[in-house]
Asker: 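The structure that follows is given in the form of structure tokens.
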Amino acid sequence: AEDIADVSDVLDALHRRTLDEVIAHATKGGRKIDVMMTGLGWERRLNCLVVVVVILNFLSMGLSVDLEPDHLGWLVLEFFCGLVFVVEVAMKVCMWGFSVYFWGPSWHW
């Protein structure tokens, strides 16, 4: 009986016309998914910023070894990069909550 319900769900999903209909049916209107989907716009921009900061941090670590390693500018740049990473975590924890951020659908990667 359970297999028949699974087949009927698949057939029902095949009759959906738009991606929104498929998502609505698959999530059954799940609240966490809706909250996470509304955050995708700001999250994509934040992720792009973090990627740029990671590359900047990587380059600064490599360059600081050869070019004046004791210069104050390297310390300021490291502080800035660390601040961006802390703000990223804080924003995502505030948006999704502690448990979803650390143990949500993508916890294993």
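We count residues from 1, following the sequence as given.
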Asker: Report the hydrophobic cluster partners of L72, with the cluster defined as I, L, V, M, F, W, Y residues connected by side-chain heavy atoms closer than 4.5 angstrom, directly or transitively.
Answerer: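 Its cluster mates, by chain and number, are L75, V76.
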Asker: Rounded to the nearest 0.5 Å, how far apart are CG of L46 and CD of E43?
Answerer: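 Those atoms lie 7.5 Å apart.
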Asker: Among residues at least two apart in sequence or on other chains, which ones pass ring pair (Phe, Tyr, Trp, His ring centres under 6.0 Å) with Y101?
Answerer: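 Residues passing ring pair (Phe, Tyr, Trp, His ring centres under 6.0 Å) with Y101: none at all.
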Asker: Tell me which donor-acceptor pairs under 3.5 Å the side chains of residues 50-69 have, and how far apart each pair is, sequence neighbours excluded?
Answerer:
unit_1	atom_1	unit_2	atom_2	d
S60	OG	L56	O	3.4
S60	OG	N57	O	2.9
S64	OG	S60	O	3.0
S64	OG	M61	O	3.1

Asker: Under 3.5 Å, which donor-acceptor pairs link side chains of residues 78-89 to any protein atom two or more places apart or in another chain?
Answerer:
unit_1	atom_1	unit_2	atom_2	d
E88	OE2	K92	NZ	3.2

Asker: Hey, what do you get for CE (M95) to CH2 (W42), rounding to the nearest 0.5 Å?
Answerer: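 Output value for this atom pair is 6.0 Å.
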